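Some notes on the structure that comes next.
Note: hydrogens, waters and symmetry copies are ignored here, and every other heavy atom, side chains too, is used. Bear in mind that the values here come from a model prediction, so they are computed numbers and not experimental data.
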Amino acid sequence: MDTKYLFQYCQKLVVFSGDKRSVLFARRKGEADFDEYWSLIGGKMEIADRDIAPGIKREKDEEVGADFHLKVAPNFSCYNVHFQKKNGAHMILSHYIAVHTGGDVSLNPEEYSEYKWVNITDLDSFGPKVDNTRFVVQNALRLLPILSEADFIEI
């Protein structure tokens, strides 16, 4: 097998509050590359997911709970990045826009220690966070106004 073609695909979510003034962040716990950093939720797509939307829903359920409801635009990635983990694994991280529609966060304690809704105006001073976070959120904010309700699905 030619390893130059092996990548993990990781769906990340820019989760806006219902009023679209804040973004959800969770503090990583026990993660080799970003331990104790605040990050957007999401994770690796699995073969059993068979499509982007089921993968996003599975990751959302695993990380913040099945009772935390979102509408997500699975056909529009607002930012894509290649990332090489400390262990050498290569990942493609695609960031999708989501809006909280109801329910409370129930963090997976194996992955995260806490969560916060951070006002968009406070992103520069908030941290420690993944370096590209501000850019990702800015891209999401540019795309958000051109999306229609038909572009979103409930998960």
Side-chain angles (χ1 to χ4, degrees), residues 8-46 49 51-85 91-155:
Q8 295 174 323
Y9 183 82
C10 183
Q11 314 101 305
K12 302 295 281 181
L13 290 176
V14 182
V15 179
F16 289 98
S17 57
D19 64 8
K20 300 174 186 80
R21 293 182 182 164
S22 299
V23 176
L24 178 67
F25 284 89
R27 187 179 284 236
R28 301 294 306 183
K29 180 172 108 178
E31 206 268 342
D33 292 284
F34 292 104
D35 191 36
E36 297 299 318
Y37 274 66
W38 292 95
S39 70
L40 303 168
I41 65 166
K44 295 184 243 11
M45 188 169 181
E46 297 176 5
D49 295 332
D51 201 353
I52 299 298
I56 289 172
K57 182 181 182 334
R58 180 189 49 76
E59 281 294 334
K60 186 271 304 174
D61 289 353
E62 288 176 3
E63 294 192 358
V64 293
D67 293 331
F68 184 74
H69 301 285
L70 302 173
K71 61 180 184 179
V72 63
N75 296 319
F76 298 92
S77 174
C78 66
Y79 183 72
N80 296 297
V81 65
H82 167 255
F83 176 70
Q84 185 173 0
K85 296 178 77 168
M91 302 179 82
I92 299 297
L93 289 84
S94 289
H95 296 76
Y96 296 90
I97 295 171
V99 179
H100 180 237
T101 58
D104 295 323
V105 171
S106 178
L107 278 184
N108 178 339
E110 294 178 18
E111 294 189 47
Y112 299 109
S113 59
E114 59 184 310
Y115 75 93
K116 285 185 182 181
W117 288 99
V118 178
N119 191 293
I120 293 165
T121 60
D122 298 331
L123 283 178
D124 288 336
S125 61
F126 176 71
K129 63 185 175 298
V130 177
D131 290 341
N132 66 5
T133 301
R134 181 75 169 136
F135 185 72
V136 170
V137 173
Q138 286 174 336
N139 279 353
L141 287 168
R142 280 195 289 273
L143 184 58
L144 192 57
I146 65 171
L147 295 174
S148 72
E149 282 302 312
D151 295 319
F152 289 90
I153 60 169
E154 292 282 336
I155 62 169

*Do R27 and K116 come within less than 4.5 Å of each other through their side chains, counting heavy atoms only?*
no
*Kindly give the heavy-atom pair with the smallest separation between I153 and A53, and that separation in Å.*
CD1-CB, 3.6 Å
_Interatomic spacing from CD1 in I155 to OG1 in T101 - rounded to 0.5 Å_ = 9.0 Å
_How long is the straight-line distance from CD1 of I92 back to CD of Q8, given to the nearest 0.5 Å?_
10.5 Å
_Take a 6.0 Å sphere around CD of E154 and say whether it holds more than 12 heavy atoms from other residues, nucleotides or ligands._
yes
*Please determine, by modelled atom types, if S125 and D122 share a side-chain donor-acceptor pair under 3.5 angstrom.*
no
*Is the F16 to H100 ring centre distance short of 6.0 Å?*
no
*asked:* What I'd like to find out is whether the side chain of V118 reaches to under 4.5 Å of the side chain of S22, using heavy atoms alone.
replied: no
*asked:* If you compare all heavy atoms of F126 against all heavy atoms of K129, which two are closest, and at what distance to 0.1 Å?
replied: O-NZ, 2.8 Å
*asked:* Within this structure, what is the OH-NZ distance for the pair Y79 and K12, rounded to the nearest 0.5 Å?
replied: 13.0 Å
*Shortest non-hydrogen separation from H95 to V14 and the atoms involved*: CB-CG2, 4.4 Å
*Check Y112 against G42 and note the closest heavy-atom contact, atom names and distance.*
OH-N, 4.1 Å
*asked:* Taking the side chain as everything from C-beta on, heavy atoms only, tell me whether L13 gets closer than 4.5 Å to L70.
replied: yes
*Grab the two heavy atoms, one from Q11 and one from M45, that are nearest each other, plus how far apart they are.*
OE1-N, 3.2 Å
_Note, K60 side chain near F68 side chain (heavy atom, < 4.5 Å)_ = yes
*So, for Y115 and L107, which heavy atoms are closest and what is the spacing to 0.1 Å?*
N-CD1, 3.7 Å
